[in-house]
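Remarks on the structure that follows.
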2 protein chains.
Amino acid sequence: MSKEQTRARLLDAAERLFAENGFDGTSLRTITSAADANLAAVNYHFQSKEGLIAAVFSRRIEPLNQERITRLDQAIRAAAPAPPDLEDILRAFLLPTLRLRGTADGLEAGHFLQLLGRVFSDPGSIKAVVLSQFRPTAQRFLEVLSQALPQLPRPELLWRLHFLIGSLAHAHAAGELIRLMSAGACDPDDGEGVLQHLTTFAAAGFRAPHTRPAPQKASMVNP
Amino acid sequence: MSKEQTRARLLDAAERLFAENGFDGTSLRTITSAADANLAAVNYHFQSKEGLIAAVFSRRIEPLNQERITRLDQAIRAAAPAPPDLEDILRAFLLPTLRLRGTADGLEAGHFLQLLGRVFSDPGSIKAVVLSQFRPTAQRFLEVLSQALPQLPRPELLWRLHFLIGSLAHAHAAGELIRLMSAGACDPDDGEGVLQHLTTFAAAGFRAPHTRPAPQKASMVNP
DNA sequence: GTTTGATTCAAACGTTCGTTTTATCCTCCT
DNA sequence: AGGAGGATAAAACGAACGTTTGAATCAAAC
């Protein structure tokens, strides 16, 4: 049927099936048969199942990082010498995940977002690999955010960035949940809508005055 | 060693191991040997592995729902006849997850939070069971939030509640991540600190003016 | 003291998994 | 045309899994 395109077909099938059934819930036999490939093809092209998983992520993460940095630089250049608007920084971070098109195969990228939302809470060794690929970009955004919100202590900024990532991951990984709970009024597939809602929510959260260092009355956690 | 306490030991061991290694990553043999029980004990007490998983969740969810509702009612009563402060509503929702003590066995509950953060993105049939147990409480909070923020359209309120849940789940499930990225400056085990940071962030996000219905300039998603 | 029913135990069953092996096919190079 | 090497194919391997079985054990009831 095809030459070396087997690699790509395996990656596409794996991405989709991993998103739908999880890593452990998807066997190599399921993947290879969905990709019209032989069972041994995975071990031939990716050495192991874990190698396949890592390849599924690597294929998407690099373009994602690139687009995030490109958009961030655009925002910085447009606002120079002042720091860019908070909303523009957030959009540079969020928008590339909500339109993962533009890569060679733009169609099935939506499945990747589900995977991305799941990897943060996955126990395996994949997490370390994926996170190390995100680290430089995250660091870059932290710097710029810090310039845009100079009054915010660094730990608080980090917490808020994590809340943003959590919201994004949840919107991706549990998209069907909100569609169900809203009886269809909220559409997680409407990337533009999600972007707007999340940008509004998170921008206000980032701009909140920093948390008071001491609780107002005794301990709320162990009263 | 003990009579019917085998059930409890199995639940404790399963909770911890599931949190550390995932559902598929934890075998019944690992669980039963950690609980000093026989391999067949799981099938005897819980019928199947999936029954064990469901029991692990059910044991914690009911007290969690109860405490959330109790605190919400307290906040409503204290503020009546006005709707309670947004911060108080959020704390009633967040605080019980950050101090899951008070149940019979208060020590290992922290592991349950990791599980809770993961269940939203899990592919299995467990998700449906867990979500159905959360649904009434979530509906109740939605009502009260809607009264406290009457100007907010219902779908936008739902989105923001989901962002809150995502932030909470991420804080629990990926707690070690923020400790790493902050080089120790952020402590995910400091429940009180997380509560304050998240309440501040989310309250500001909920109070943000509702998202403009139409994007300001053309489509940002597919330019 | 014996019986009864609930719990624990050791052992095995059948299935599925990731991986490896060996042979065959196809494509390009000289 | 013919050989070399990368890619695919079929089959088998050992290991690990969830579950089941049937006997052994225990505590309480009569």
Side-chain angles (χ1 to χ4, degrees), chain A residues 1-59 115 118-119 122-129, chain B residues 1-59 115 118-119 122-129:
Chain A
M1 174 183 284
S2 52
K3 294 185 14 172
E4 157 83 4
Q5 303 171 334
T6 301
R7 249 189 81 104
R9 288 206 317 279
L10 284 173
L11 285 173
D12 287 337
E15 186 173 80
R16 179 173 61 83
L17 292 165
F18 283 153
E20 290 171 359
N21 309 317
F23 299 124
D24 293 315
T26 309
S27 70
L28 293 187
R29 286 167 174 84
T30 307
I31 295 172
T32 50
S33 96
D36 269 322
N38 186 272
L39 170 60
V42 166
N43 294 86
Y44 178 79
H45 285 285
F46 304 98
Q47 285 77 47
S48 66
K49 183 178 185 178
E50 197 165 303
L52 171 64
I53 298 175
V56 165
F57 278 103
S58 296
R59 179 174 66 152
L115 280 185
R118 193 176 301 161
V119 77
D122 246 52
S125 59
I126 314 297
K127 186 165 53 178
V129 179
Chain B
M1 174 182 286
S2 52
K3 289 187 19 168
E4 158 81 3
Q5 303 171 336
T6 302
R7 249 188 83 103
R9 288 206 317 277
L10 284 172
L11 285 172
D12 287 337
E15 186 173 81
R16 179 173 61 84
L17 291 165
F18 283 153
E20 290 171 359
N21 310 317
F23 300 124
D24 293 315
T26 308
S27 71
L28 294 187
R29 285 168 175 83
T30 306
I31 295 172
T32 50
S33 95
D36 269 322
N38 187 271
L39 169 59
V42 166
N43 294 87
Y44 178 79
H45 286 284
F46 305 98
Q47 286 78 47
S48 65
K49 182 178 186 177
E50 196 164 302
L52 171 63
I53 299 176
V56 165
F57 278 103
S58 297
R59 179 174 66 152
L115 280 185
R118 193 178 300 162
V119 78
D122 245 52
S125 59
I126 314 297
K127 185 166 53 180
V129 179

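Everything quoted here is computed from the prediction, not taken from an experiment. Within every chain, numbering begins at 1; the chains are lettered A, B, ... in the order of the sequence lines, protein sequences first and strands thereafter. Keep in mind that the numbers below use all heavy atoms, side chains included, and drop hydrogens, waters and symmetry copies.
Across the protein-nucleic acid pair, B:His45 atom NE2 and C:dA6 atom C1' stand 10 Å apart, rounded to whole Å. B:Asn43 places its CG atom 15 Å from the C1' atom of C:dA10, with the value rounded to the nearest Å. Rounded to an integer number of Å, the gap from CG of A:Leu10 to P of D:dA9 is 11 Å. With rounding to whole Å, B:Leu52 atom CG is found 10 Å from D:dG18 atom P. Rounded to a whole Å, the CD1 atom of A:Ile31 is 8 Å from the P atom of C:dG18. Protein atom CD of B:Gln5 is 13 Å distant from nucleotide atom P of C:dT7, rounded to whole Å. Distance NZ (A:Lys49) to P (C:dC17): 8 Å, rounded to an integer number of Å. Atom CZ of B:Phe46 and atom P of C:dT8 are 11 Å apart (whole Å).
Taking the nucleotide of DNA chain C with the nearest heavy atom to each of B:Leu39 and B:Tyr44, the more 5' of the two is matched to B:Tyr44.
Residues passing the side chain to side chain contact (heavy atoms under 4.5 Å, CB included) test with A:Gln47, sequence neighbours excluded: none. Taking the side chain to side chain contact (heavy atoms under 4.5 Å, CB included) definition, one finds that B:Ala55 meets it with B:Leu11, B:Phe46, sequence neighbours left out. Residues that satisfy the side chain to side chain contact (heavy atoms under 4.5 Å, CB included) test with B:Ser27, not counting sequence neighbours, are B:Arg29, B:Thr30. With sequence neighbours left out, the side chain to side chain donor-acceptor pair (under 3.5 Å) criterion links A:Ser33 to no other residue.
Between A:Leu10 and A:Thr32 there is a side-chain heavy-atom pair separated by less than 4.5 Å. Side-chain contact between A:Asp12 and A:Arg59 is present, with heavy atoms from C-beta onward closer than 4.5 Å.
Which of C:dT7, D:dT20, D:dA10 sits closest to the side chain of B:Ala40 comes down to D:dT20. Across D:dA11, D:dT8, C:dC9, the shortest atom-to-atom separation from the side chain of B:Asn38 is found for C:dC9.
The OH atom of A:Tyr44 sits 11.0 Å away from atom CZ of A:Arg7, with the distance rounded to the nearest 0.5 Å. If you take CD1 on A:Ile31 and CZ on A:Arg9, they are separated by 13.5 Å, rounding to the nearest 0.5 Å.
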Check residues 17-26 of chain A and write down every donor-acceptor pair under 3.5 Å in which the side-chain atom is one partner and the other belongs to a residue at least two apart or another chain.
from: A:Thr26; atom 1: OG1; to: A:Leu17; atom 2: O; distance (Å): 3.2
from: A:Thr26; atom 1: OG1; to: A:Gly22; atom 2: O; distance (Å): 2.8

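For DNA chain C, each stem of at least three Watson-Crick or G-U pairs (distances under 3.5 Å) is given as range with range: C:1-30 with D:1-30.
For D:dT8, one of the phosphate oxygens OP1 or OP2 lies less than 4.0 angstrom from a side-chain nitrogen or oxygen of A:Thr6.
Remark: B:Thr26, B:Ser27, B:Leu28, B:Arg29 in residues 18-29 of chain B come within less than 4.0 Å of DNA chain D through at least one heavy atom.
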